[in-house]
Amino acid sequence: MEPFSQADIFEAAVKIMLSVDKCITIHFTDGSIAIRFPTTRKLAEYLEVPHYYILPYFAMMEKDGLITRVERVGISTTLKGTLKLIKKMATEYREQTEELLGSELFTELQKRIELVDS
């Protein structure tokens with residue numbers, strides 16, 4: 001089994017949100033925007049690997065400031081992770097993202113993230 005990269009995990013997360021769940025949960029908080037990340041079990045199932053195989057990648061992404069994990073709450077992107085996720089959606093999955101969110105909402109979300117990040 002070849003190791004994954006963070007890009008592989010983010011790619012799988014986007015595909016799960018857009019194609020499997022057809023749901024993107026966005027949290028607007030004071031000074032940040034977070035997106036609920038698929039669970040480790042769901043990612044493992046999607047990538048067809050054992051659950052324990054995914055856990056170190058989440059630890060690395062958390063250490064790199066891309067996600068936060070809160071027990072019994074779930075996994076969400078940090079602002080840095082949200083930027084990475086939205087960039088991937090905009091560059092590689094724009095059509096599918098706009099089908100789900102609508103082009104106006106997606107454009108406004110991108111503008112809002114740029115404002116929060118500045």
Side-chain angles (χ1 to χ4, degrees):
M1 187 177 322
E2 285 191 37
F4 295 112
S5 66
Q6 289 182 355
D8 294 331
I9 301 296
F10 268 75
E11 176 105 19
V14 168
K15 288 180 177 178
I16 289 169
M17 286 186 250
L18 296 176
S19 302
V20 177
D21 292 347
K22 298 187 179 189
C23 177
I24 300 172
T25 303
I26 305 168
H27 300 267
F28 293 90
T29 58
D30 187 28
S32 191
I33 299 172
I35 296 177
R36 187 175 195 122
F37 217 72
T39 64
T40 54
R41 291 195 185 280
K42 190 159 223 164
L43 274 161
E45 181 182 306
Y46 185 82
L47 294 169
E48 298 178 341
V49 295
H51 174 250
Y52 63 83
Y53 192 80
I54 293 295
L55 297 177
Y57 294 101
F58 275 71
M60 284 188 287
M61 292 190 303
E62 192 170 26
K63 184 178 175 189
D64 290 344
L66 295 170
I67 62 166
T68 60
R69 295 186 284 181
V70 178
E71 192 163 332
R72 298 183 190 200
V73 174
I75 304 162
S76 296
T77 56
T78 60
L79 181 58
K80 183 178 174 183
T82 302
L83 287 164
K84 183 174 179 140
L85 207 61
I86 292 297
K87 182 178 178 182
K88 182 168 276 302
M89 288 175 174
T91 57
E92 299 174 39
Y93 297 94
R94 177 171 287 281
E95 187 177 323
Q96 296 97 320
T97 304
E98 288 181 348
E99 277 180 30
L100 187 61
L101 297 179
S103 61
E104 290 180 24
L105 180 57
F106 188 47
T107 300
E108 289 301 318
L109 179 60
Q110 290 175 291
K111 287 179 187 175
R112 181 73 178 158
I113 289 172
E114 287 174 17
L115 279 175
V116 171
D117 187 42
S118 61

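Starting from 1, each residue takes its place in the sequence as its number. These numbers were taken from a predicted model, which means no experiment stands behind them.
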Rounded to the nearest 0.5 Å, the CG atom of Leu66 sits from the CZ atom of Phe58 at a distance of 11.0 Å
CD1 of Ile35 to CD1 of Ile75, rounded to nearest 0.5 Å, is 14.0 Å
Quick note, side-chain hydrogen bond (donor to acceptor under 3.5 Å, both in side chains) partners involving residues 3-20, not counting sequence neighbours, are Ser5-Asp8, Gln6-Asp64, Glu11-Lys88, Glu11-Tyr93
For the residue pair Ile9 and Phe37, establish whether any side-chain heavy-atom pair is separated by less than 4.5 Å. yes
State plainly whether the residues Lys111 and Glu108 are in salt-bridge range, i.e. N to O under 4.0 Å. yes
Looking at Tyr57 and Phe4, would you say the former's side chain and the latter's main chain have a donor-acceptor pair under 3.5 Å? yes
Check: Leu47 and Tyr53 side chains under 4.5 Å, non-hydrogen atoms
no
According to a hydrophobic-cluster definition based on side-chain heavy atoms being under 4.5 Å apart (Ile, Leu, Val, Met, Phe, Trp, Tyr only), do Leu55 and Met61 belong together?
no
Problem set entry | side chain to side chain contact (heavy atoms under 4.5 Å, CB included) between Met17 and Leu100, worked out | CA-CA 10 Å; Met17 286 186 250; Leu100 187 61; 5.8 Å; no
To the nearest 0.5 Å, atom NE2 of His27 lies from atom OG of Ser32 at 11.0 Å
With sequence neighbours left out, the residues meeting salt bridge (Lys or Arg N to Asp or Glu O under 4.0 Å) with Arg112 are none
- Task: Could you give me the CA-CA distance, side-chain angles and deciding distance for Phe106 and Ile86, then say whether side chain to side chain contact (heavy atoms under 4.5 Å, CB included) is met?
- Result: CA-CA 9 Å; Phe106 188 47; Ile86 292 297; 4.2 Å; yes
### Message
Looking at Glu62, I'd like to know if its CD atom is crowded, meaning that more than 12 non-hydrogen atoms belonging to other residues, nucleotides or ligands lie closer than 6.0 Å.
### Response
yes
Quiz item: Within a strict 4.5 Å, meaning less than it, do heavy atoms of the Leu101 and Met89 side chains meet?
Solution: no
Between the CG atom in Leu105 and the CD atom in Gln110, the distance rounded to the nearest 0.5 Å is 10.0 Å
Residues pairing under side-chain hydrogen bond (donor to acceptor under 3.5 Å, both in side chains) where one sits in residues 73-84, two or more places apart or in two chains, turn out to be Thr77-Thr82
In this structure, CD of Glu104 is separated from CD of Glu98 (nearest 0.5 Å) by 10.0 Å
Practice item. Evaluate the side-chain proximity of Asp21 to Lys42: yes if any heavy-atom separation is below 4.5 Å, no if none is. Key: yes
The reported gap from CD1 in Ile24 to CG in Leu85 (rounded to nearest 0.5 angstrom) is 8.0 Å
